[in-house]
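Throughout, protein chains are lettered first and strands after them, A, B, ... in sequence-line order, and every chain is numbered starting at 1.
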Amino acid sequence: MCQQTRVDTVIPYYERFLKRFPTIATLAKAPEDDVLALWSGLGYYRRARLLHKGVREVVSAYGGAMPSDASARLGLPGIGRYTAGAIGSIAFHKEEPIVDGNVKRVLSRLFVIDTPLGRSDTENAFWEKAQHLVRGDRPGDFNQAMMELGATICTPTSPRCDECPVRRHCRAKKEARVYELPVVLAKKAPKIVQVVAVIARAVGDDDAAWLQRCDQALFGGLWNLPMMEGEGRDDAQEALRKAGLRGKLSSRKIGDVVHILSHRRMHVEVWTAVVTKQRGTMTRRYVRHKALKALGVSRLTQKLLATGAPPSEESCSCRSRRAHDRAACG
DNA sequence: AACGCGGGGCG
DNA sequence: CGCCCAGCGTT
């Protein structure tokens with residue numbers, strides 16, 4: 001969960017997740033929908049799918065116990081250098097390094113590593129330094145201390161060098177280059193995408209909306225509304241058709257939603273439709289609002305569904321459940 | 001060696 | 001509004 005996501009954001013998800021899946025066995029046994037349901041809103045949903053896949057492999061290939069061997073760990077889905085090192089150093093007390101965003105900042109300053117982040121030579125330099133430093137009988141504590149140092153003292157914009165326990169060893173401080181490190185390359189501007197989405201309800205049943213589980217890269221494994229790139233009524237109609245639905249589209253869009261991702265800026269037109277009743281399949285079906293929390297759903301989908309339901313008092317914990325369900329599905 | 005992949009909180 | 005976060009897998 002902590003891959004590219006702040007610890008403070010993760011904590012409530014983590015608590016809920018471990019309450020529901022306290023062991024490798026329970027997680028391995030669970031359907032993917034259950035796993036994604038608890039991940040909903042956290043983002044980077046591939047992490048959840050890889051975790052699930054990895055845990056199943058731990059069961060099938062290693063008898064349900066995380067392998068202590070480093071290369072075996074690295075071979076598991078979802079486990080890269082960082083996670084392998086975290087497990088190795090913290091769980092197995094092995095002298096394995098950890099390099100995360102915090103550690104990169106600390107090391108780049110400590111040793112003046114001034115090549116750009118993300119470049120392989122730069123990244124290798126970090127791992128080499130970290131590997132060299134993690135010596136002793138408490139590698140887990142050392143690694144966590146490095147991350148903590150980066151999180152609390154050696155911060156991106158306002159480092160507190162006067163309080164830094166390793167200030168005397170810091171080459172960047174000595175050379176007054178702390179503020180120029182690490183070197184971050186300019187990131188590409190997010191691509192703007194115009195999208196139409198349709199909240200489709202069956203005739204005589206306004207309590208459920210048609211969702212389909214997509215497997216493509218964006219929001220893979222999650223349940224989404226019929227959606228496609230485009231704008232206007234014709235494209236909304238096309239989205240409905242592509243979803244395999246027949247029915248009447250609303251005369252106008254009912255709203256617009258802007259959704260910001262790190263690499264995309266999505267402008268979404270929200271339409272509604274009343275469609276002929278239809279049986280669902282494994283990957284597409286009507287979902288009642290109450291059943292929504294049992295499935296993986298992105299924030300975007302939550303926003304889109306909420307567009308048809310102006311918040312009465314509180315957004316989620318309504319007293320009148322039925323009215324809320326009805327409203328939230330358009 | 002680059003790039004795609006969410007979402008939120010803070011300056 | 002921009003930045004960056006206890007990264008990983010794919011191309």
Any residue meeting ring pair (Phe, Tyr, Trp, His ring centres under 6.0 Å) with Phe126(A), in chain and number order, not counting sequence neighbours: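 Once residues adjacent in sequence are excluded, Phe126(A) has no partner under the ring pair (Phe, Tyr, Trp, His ring centres under 6.0 Å) criterion.
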Checking Trp210(A) now: which residues fulfil ring pair (Phe, Tyr, Trp, His ring centres under 6.0 Å) with it, not counting sequence neighbours?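 For Trp210(A) the ring pair (Phe, Tyr, Trp, His ring centres under 6.0 Å) partners, ignoring immediate neighbours, are Tyr286(A).
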Using a strict 4.0 Å threshold on nitrogen-to-oxygen distance, state whether [X] and [Y] make a salt bridge.
| X | Y | answer |
| --- | --- | --- |
| Arg201(A) | Asp207(A) | no |
| Asp100(A) | Arg81(A) | no |
| Asp34(A) | Lys29(A) | no |

Mark yes or no: Arg16(A) above the aromatic ring of Tyr13(A), with NZ or CZ under 6.0 Å from the six-membered ring centre and no more than 45 degrees from the axis.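 Output yes; distance and angle both within limits.
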Does anything in [range] come within less than 4.0 Å of DNA chain B? Heavy atoms only, and list the residues if so.
| range | answer |
| --- | --- |
| residues 14-43 of chain A | Gly41(A), Leu42(A), Gly43(A) |
| residues 134-141 of chain A | none |
| residues 217-225 of chain A | Ala217(A), Leu218(A), Phe219(A) |

Applying side-chain contact (heavy atoms from CB on, under 4.5 Å), can you list everything that pairs with Leu50(A), at least two apart in sequence or on another chain?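 So Leu50(A) forms a side-chain contact (heavy atoms from CB on, under 4.5 Å) with Arg46(A), Pro77(A).
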Taking side-chain hydrogen bond (donor to acceptor under 3.5 Å, both in side chains) as the test, write out the residues that go with [X], two or more places apart.
| X | result |
| --- | --- |
| Glu95(A) | Arg135(A) |
| Lys129(A) | none |
| Arg233(A) | none |
| Asp256(A) | Lys253(A) |

With rounding to the closest Å, how many angstrom separate the P atoms on dA6(C) and dC3(B)?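 dA6(C) and dC3(B) have their P atoms separated by 24 Å.
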Can you tell me, in whole Å, how much space there is between the C1' of dC5(C) and that of dG6(B)?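 Taking atom C1' in both dC5(C) and dG6(B), they lie 12 Å apart.
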From the 5' end of DNA chain B to its 3' end, which nucleotides mark the outer limits of contact with chain A, defined by a 4.0 Å heavy-atom distance cut-off (strictly under)?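 Range of nucleotides within reach of chain A: dA1(B) to dG9(B).
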Under 4.0 angstrom, heavy atoms only, what part of the nucleic acid is Leu117(A) near: base, sugar-phosphate, or nothing?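 It contacts nothing in the nucleic acid.
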Cluster question for you: counting only ILVMFWY and a side-chain heavy-atom cut-off of under 4.5 Å, with indirect links fine, are Leu225(A) and Val196(A) together?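 No; Val196(A) is not reachable from Leu225(A) via cluster members.
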All N/O contacts under 3.5 Å from nucleotides 4-7 of chain C to the protein, with atom names and distances to one decimal?
residue, atom, partner, partner atom, Å
dC4(C), O2, Arg6(A), NH2, 2.4
dC5(C), OP1, Arg105(A), NH1, 2.8
dC5(C), O4', Arg6(A), NH1, 3.4
dA6(C), OP2, Asn102(A), OD1, 3.3
dA6(C), OP2, Asn102(A), ND2, 3.0
dA6(C), O5', Asn102(A), ND2, 3.3
dA6(C), O4', Asp100(A), OD2, 2.9
dA6(C), O3', Cys2(A), O, 3.4
dA6(C), N9, Tyr82(A), OH, 3.4
dG7(C), OP1, Gly101(A), N, 3.2
dG7(C), OP2, Cys2(A), O, 3.2
dG7(C), OP2, Gln4(A), N, 2.8
dG7(C), O5', Gln4(A), N, 3.4

Exercise: do Lys191(A) and His263(A) side chains pair donor with acceptor under 3.5 Å: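 There is no such pair (donor and acceptor under 3.5 Å, judged by atom type) between the side chains of Lys191(A) and His263(A).
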Derivation of the side chain to side chain donor-acceptor pair (under 3.5 Å) call for His169(A) and Arg167(A): CA-CA 5 Å; His169(A) 304 93; Arg167(A) 60 185 178 278; over 6 Å; no
